[in-house]
Amino acid sequence: MKNETKPCSRLVIVIEGDMIQSIIADNPDSAPDIAIVDYDADDYADYELRHITQDDGTRSMAHVRELYVEEASIDLDNVFL
C-alpha cells in the first residue's frame, strides 16, 4: 500500500512578545519549508549571514532562520472560524 501523507491545509504562526515562538500545522510532514529572512543583519557575525539574490540581480546580506513546523497542540478549529 502506498504511504500517502495528507496535505497541510492549516499553518499557524505563534507569536509572543513580537517574537515567533513556533509554527504549527495540522499535517507538519507535508508543510512547506519556512524561513525568516532578516536584512537588518548588523548584529550578526559574517558566518551567520547568507547572500540573497534580489529581483534586480543584486545580492544582499541577510540572516536566515529556518523554522521547524510542529504538530499543532491546540485546536485549530478555534483559530480558523
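- Of the inter-residue distances, the one linking Ile23 atom CD1 with Ile34 atom CD1 reads 4.0 Å to the nearest 0.5 angstrom.
- A 6.0 Å sphere centred on CG of Asp56 holds more than 12 heavy atoms belonging to other residues, nucleotides or ligands.
- Clustering ILVMFWY residues whenever any of their side-chain heavy atoms sit less than 4.5 angstrom apart, transitively, puts Val69 in the very cluster that holds Ile20.
- Side chain of Ser22 to backbone of Val14: no donor-acceptor contact under 3.5 angstrom is found.
- Both Ile15 and Leu11 sit in one connected hydrophobic cluster of ILVMFWY residues. Membership requires side-chain heavy atoms under 4.5 Å apart, directly or through other members.
- Put simply, CD1 on Ile36 and CG on Leu67 are 4.5 Å apart, with the number rounded to the nearest 0.5 Å.
- Within the 3.5 Å criterion, the main-chain N or O of Tyr68 finds no donor-acceptor partner in the side chain of Glu70.
- In the hydrophobic clustering of this structure, Tyr44 does not group with Val64; members are Ile, Leu, Val, Met, Phe, Trp, Tyr whose side-chain heavy atoms approach within less than 4.5 Å, directly or through other members.
- Atom CG of Asp75 has more than 12 heavy atoms from other residues, nucleotides or ligands within 6.0 Å.
- Summarising the geometry of Cys8 relative to Ser30, their closest heavy-atom pair is N-OG, 2.8 Å, with the distance given to 0.1 Å.
- Looking at Arg10 and Asp77, their side chains come closer than 4.5 Å, going by heavy atoms from C-beta outward.
- Remark: side-chain polar atoms of Asp38 are not paired, donor with acceptor, to backbone N or O of His63 under 3.5 angstrom.
- A pairwise comparison of heavy atoms in Asn27 and Pro7 identifies ND2-O, 3.0 Å as the closest pair.
- Shown here is Asn78, whose CG atom has more than 12 heavy atoms of other residues, nucleotides or ligands within 6.0 Å.
- To the nearest 0.5 angstrom, Arg59 atom CZ is 5.5 Å from His51 atom NE2.
- When side chains are defined from C-beta on, Arg50 does not count as touching Met61, because their heavy atoms never get closer than 4.5 Å.
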